[in-house]
Amino acid sequence: MKHGGDLTEAMARYGGSPQMWLDLSTGVNPWPWPIPQDMPGALWQRLPSRADEENLIAAAREAYAVPAGAEIVAASGTQSLIQWLPQLAGDGPVAIVGPTYNEHAASWRLGGHEVIACAGLDELPQAVRHAVVVNPNNPDGRVISRAVLARVASQLRERSGWLVVDEAFADLEPDVSVVGLCADLPVVVLRSFGKFYGLAGLRLGFVIASPEIAQRIALALGPWPCSGPALHIGAAALRDRDWADRTRLTIQAQAQKLDAVLANAGFTIAGGTGLFRLARRADAGRLHTMLATQHIWCRRFEWADDLLRFGLPAGDRELERLAAALGSL
């Protein structure tokens, strides 16, 4: 399974319709921000206006606390940005702190860069010009401190390189964000909209960087990088701070319930974020298959046979279904 959220592979192997499956393979909030029912029809009929885009950018700048000396660019999801960055960055090797989201390494290799995998940033190889960190990390939730990232960014500035920080899951932990570094250092921050707001199908994401880097990215994306509905919904959701505050509490409470279910089934919690939990058990590979036969889909990893990643069940009924399935194995 290359990515979560697509039950095609699961149904091809184990049968069933989408409605029969409990899909825990993603890190997407199961309680999405409520899309207004009275959206203007013109959003579907005309090209997005510059005013619509500026309205979204203003909302994102406030929500993500973007400093005055940095710029923010919207795109149709952070995946498109992940694929563009290696094309726009200067030549040279890139260090990627892993294991982490696979598309970073794949995109930098496709862009002609040598990829150097590393377990941390304590000692950045001298040959490295760029570095990529997912913070909090997927799948283990590891957080690298702002001080360490600032030090690494300063080193890369001397090499005319970039530090890319993927903050796809930082909405749950706003204090870990390094957006404040973007004005003075070559830090390129990616922010995903769809995960925390539960609207992954909207395809909306942002990059925050110095004006020079941001302008380079904006020119590469071209006109109308986001749909009109994405601009409208994104702006309204990002301004709904009360919803965001309540949702953080709801997600953390549900994550604790999921931890309890997994612990009762003999798992050790190995990390994660509020939107997913990484759990260890020696027979995880077998359990993945057995859960799939009961139409429960989670993530497994080629590089670790003893780990599974579980997204948040949407309520007590789903938690009980997972607990019953694990108890029967």
Side-chain angles (χ1 to χ4, degrees), residues 4 24 26-33 59-67 70 72 77-78 81-82 97-101 104 120-121 131-153 163-182 185 187-200 204-209 234 237-260 262 269-279 299 309-313:
L24 305 179
T26 75
V28 175
N29 181 2
W31 304 289
W33 184 80
R61 178 176 286 277
E62 181 179 357
Y64 299 140
V66 178
I72 182 167
T78 51
L81 295 165
I82 287 171
V97 181
T100 193
Y101 182 52
H104 285 291
L121 292 174
V132 177
V133 176
V134 180
N135 210 49
N137 189 46
N138 175 12
D140 61 5
R142 176 214 61 231
V143 172
I144 296 178
S145 73
R146 177 189 175 98
V148 169
L149 292 175
R151 174 179 58 78
V152 171
L163 172 62
V164 177
V165 184
D166 184 344
E167 295 184 348
F169 294 98
D171 291 86
L172 290 160
E173 305 176 60
D175 290 345
V176 311
S177 178
V178 294
V179 165
L181 300 178
C182 294
L185 291 167
V187 175
V188 181
V189 171
L190 301 175
R191 295 297 294 247
S192 170
F193 173 84
K195 292 179 176 62
F196 177 68
Y197 289 90
L199 298 171
L204 179 62
F206 303 91
V207 61
I208 302 158
L238 287 166
R239 287 195 170 99
D240 194 346
R241 307 305 289 274
D242 289 340
W243 180 91
D245 291 340
R246 293 194 308 271
T247 299
R248 287 187 186 96
L249 296 175
T250 300
I251 288 172
Q252 295 296 349
Q254 189 74 345
Q256 291 176 6
K257 291 181 180 180
L258 177 58
D259 282 351
L262 295 173
I269 305 304
T273 72
L275 288 174
F276 61 82
R277 312 303 289 161
L278 187 67
R299 294 294 301 273
R309 199 194 78 174
F310 294 85
L312 282 190

Using side-chain contact (heavy atoms from CB on, under 4.5 Å), reason through Leu238 and Phe206 one step at a time and then give a plain yes or no. CA-CA 12 Å; Leu238 287 166; Phe206 303 91; 3.9 Å; yes
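To the nearest 0.5 Å, atom NZ of residue Lys257 and atom CG of residue Leu262 are 14.5 Å apart. For the atom pair Leu312 CG and Thr273 OG1, the distance stands at 8.0 Å (nearest 0.5 Å). For the atom pair OH (Tyr101) and CG (Asp166), the distance works out to 8.5 Å, reported to the nearest 0.5 Å. Considering CG of Asn137 and CZ of Phe169, their distance stands at 9.5 Å, rounded to 0.5 Å. Taken to the nearest 0.5 Å, the OG1 atom of Thr100 stands 6.5 Å off from the CZ atom of Arg142. With rounding to the nearest 0.5 Å, the separation of CZ in Phe196 from OG1 in Thr247 is 5.0 Å.
Note: Trp243 and Tyr197 have parallel aromatic rings, judged against thresholds of 30 and 60 degrees for the angle between ring planes.
Proximity of a side-chain donor or acceptor of Gln254 to a complementary backbone N or O of Pro313 within less than 3.5 Å is detected. Side chain of Asp140 to backbone of Pro99: no donor-acceptor contact under 3.5 angstrom is found. At least one donor-acceptor pair closer than 3.5 Å links the side chain of Asn135 to the backbone N or O of Ile144.
Under a cut-off of 6.0 angstrom, the local environment of CD in Gln252 is crowded, with over 12 non-hydrogen atoms contributed by other residues, nucleotides or ligands.
Taking every heavy atom of both residues into account, Glu173 and Val143 meet most closely at OE1-CG2, 4.3 Å. Leu204 approaches Gly234 most closely through the heavy-atom pair CD2-CA, 3.8 Å. Contact detail for Arg146 and Ser177: the closest heavy-atom pair is NH1-O, 4.0 Å. Nearest approach of Gly27 to Phe276, heavy atoms of both residues: CA-CD2, 4.3 Å. Pro139 and Arg309 make their closest contact through CB-CD, 4.0 Å (heavy atoms, listed as atom of the first residue, atom of the second, distance). For Gly274 against Ile251, the heavy-atom pair with the smallest separation is O-CG2, 3.3 Å.
Val176 places a side-chain heavy atom less than 4.5 Å from the side chain of Pro136. Residues Ile208 and Glu167 fail the side-chain proximity criterion, which asks for heavy atoms closer than 4.5 Å.
Residue Asp171 is tested with Arg191, Arg248, Lys195 for a salt bridge (charged side-chain N to carboxylate O under 4.0 Å, His left out); the sole match is Arg191. For the side-chain contact (heavy atoms from CB on, under 4.5 Å) criterion with Leu163, the lone passing option out of Val188, Leu149, Leu181 is Leu149.
Evaluation of the side-chain contact (heavy atoms from CB on, under 4.5 Å) rule for Arg151 yields Val148, Gln155 as partners, not counting sequence neighbours.
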